[in-house]
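Written below as structure tokens is the structure these notes are about.
Convention: sequence-line order gives letters A, B, ...; per-chain numbering from 1.
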Protein chains: 2
Amino acid sequence: MPLHAPAATTAASARELIAAQGGRVTRTRVAVIEALQRSAHPLSHDELGAVLDGADIAHDRVTLYRALDWLVEQGIAQRIAGGERAWRFEIRRGDDHRHAHFHCERCGQIVCLEDVPTASAPHLPAGFELERAELVLHGACADCGRAAAKGSAR
Amino acid sequence: MPLHAPAATTAASARELIAAQGGRVTRTRVAVIEALQRSAHPLSHDELGAVLDGADIAHDRVTLYRALDWLVEQGIAQRIAGGERAWRFEIRRGDDHRHAHFHCERCGQIVCLEDVPTASAPHLPAGFELERAELVLHGACADCGRAAAKGSAR
DNA sequence: ACATCTAATGCTACAATGTTGCATCAAATC
DNA sequence: GATTTGATGCAACATTGTAGCATTAGATGT
């Protein structure tokens, strides 16, 4: 189980999450959900592929994309734009999933900032409907900030 | 590096902005800056290419990418992650002008929300250094919201 | 346990976006 | 006008994400 207390809907096994949406419980989906639950930060397709490489499941790029798409579609996971061109994914933990993210420009890592809320009630122009907000802070993370002079890349 | 020429909305000529950074004043850079200044919203490479198509300048993708990269590097323009995989660009207007953006999930358009500030002073974990914040609100813009409000939501 | 039905998978091929190397051109300077 | 060097244009490549389709395997009924 993750160190981050997985809040409300937890102990929720991957199988339960999948079955609750009427989807088929496949090895790929289970492995993806468990990998995301274990991870302390959002994962990209690429990172996820690396994690799943050790598992007994196959690692086809397309299958992974589609499994992730399905999870997002069902509201089990959510996409984060991050700093680079690639999406990152994390498991949604209940309704209070509206936290900000920190993107380290040195190591490229994305960190969840559980304590930092995204904008709650910005006043939008008339006619605009807000569905969700995404706040990404850019800078240097603790590790890279301290070792700023080293220039270590990921 | 000298202070940025305070680009009054449309007054600062492209030539001045470029020369202030010690760069060469080329047709491509001038055309790109002027196109961005004229646009009411951030433009992607693709959109920019379409705008520049009519101009007398050549239309090479790589040149456009490099011109944009240079503008961002010099602090004349800034990148916005938006909702899709493509970057969007807008002219920076002063150092303290950090506004949020709205991404319409229906039409894909990005709108500047001049009135909505990005996070002011989030409290970060120890060791983290904030360089800039990016707030993107997702939903339906005025045009798309009105059109879709009647029918079935997703 | 077996048969069946079809969602999910795993290919291949493709599209969109962005980058690198290098020869050539042209903006700034002399 | 000649020189110098940054900027351009082209080709080739890298990364990220999609589409089509035959096959596999999860769920279900007998």
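Rounded to an integer number of Å, the gap from B:D69 CG to C:dT20 P is 10 Å. C:dA13 atom P lies 14 Å from atom CG of A:D60, rounded to whole Å. Atom CG of B:L52 is separated from atom C1' of D:dG9 by 15 Å (rounded to the nearest Å). Regarding A:L64, its CG atom lies at a distance of 13 Å from the P atom of D:dT16, rounded to whole Å. The distance from atom CZ of B:R15 to atom P of C:dA27 is 11 Å, rounded to the nearest whole Å. Counting to the nearest Å, the P atom of C:dA8 and the CD atom of A:E73 are 10 Å from each other. Rounded to whole Å, the distance from CD on B:E84 to P on C:dT17 is 9 Å. Protein atom CH2 of B:W70 is 7 Å distant from nucleotide atom P of D:dA7, rounded to whole Å.
Side-chain nitrogen and oxygen atoms of B:R85 include none within less than 4.0 Å of the OP1 or OP2 phosphate oxygen of C:dG18. Here A:H45 does not reach the OP1 or OP2 of D:dT16: none of its side-chain N or O atoms lies under 4.0 Å away.
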Can you give one letter per nucleotide of nucleotides 19-24 of chain D, 5' to 3': B if a protein heavy atom sits under 4.0 Å from the base, S if only from the sugar-phosphate, - if neither? BB----
Protein-to-nucleotide contact annotation, 5' to 3' order, nucleotides 25-30 of chain D [B base; S sugar-phosphate only; - none; under 4.0 Å, heavy atom]: BBS---
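Evaluation of the side chain to side chain contact (heavy atoms under 4.5 Å, CB included) rule for B:R24 yields B:T26, B:R29 as partners, not counting sequence neighbours. Here B:D46 pairs with nothing under the salt bridge (charged side-chain N to carboxylate O under 4.0 Å, His left out) rule; sequence neighbours left out. Evaluation of the ring-ring contact (aromatic ring centres under 6.0 Å, His included) rule for A:H138 yields A:H103 as partners, not counting sequence neighbours.
Looking at which nucleotide of DNA chain C each of A:A67 and B:D46 is closest to, the 5′-most match is held by A:A67.
Residue A:E90 is tested with A:H101, A:Q37, A:R79 for a side chain to side chain donor-acceptor pair (under 3.5 Å); the sole match is A:H101.
Rounded to 10°, the helix from C:dA1-D:dT30 to C:dC30-D:dG1 has 30° between the axis fitted to its first five pairs and the one fitted to its last five.
A:L64 contributes atom CG, which lies 5.0 Å from atom CG of A:L48 (distance to the nearest 0.5 angstrom). If you take CD1 on B:I76 and CD on B:Q78, they are separated by 12.5 Å, rounding to the nearest 0.5 Å.
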For the pair B:E34 and B:V32, evaluate side-chain contact (heavy atoms from CB on, under 4.5 Å) and give the outcome as yes or no after the intermediate values. CA-CA 5 Å; B:E34 290 178 347; B:V32 167; over 6 Å; no
Kindly determine whether B:Q21 and B:L17 satisfy side-chain contact (heavy atoms from CB on, under 4.5 Å), including the steps that lead there. CA-CA 7 Å; B:Q21 302 299 327; B:L17 287 172; over 6 Å; no
Decide side-chain contact (heavy atoms from CB on, under 4.5 Å) for A:Q109 and A:F102; before the verdict, give the C-alpha distance in whole Å, the side-chain angles of both, and the deciding distance to 0.1 Å. CA-CA 8 Å; A:Q109 193 57 263; A:F102 187 92; over 6 Å; no
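Between A:E134 and A:R88 there is no salt bridge, since none of the side-chain N atoms of the basic residue sits less than 4.0 Å from a carboxylate O of the acidic one. Look at A:R132 and B:E105 and you find a salt bridge, because one of the NZ, NE, NH1 or NH2 atoms lies within 4.0 Å of a carboxylate O, short of that distance.
Counting distance only, with no hydrogens placed and no angle test, the side-chain atoms of B:R61 and the base atoms of C:dG18 include a donor-acceptor pair under 3.5 Å.
In this structure, B:L36 and B:L68 have side chains that are in contact, with non-hydrogen atoms separated by less than 4.5 Å.
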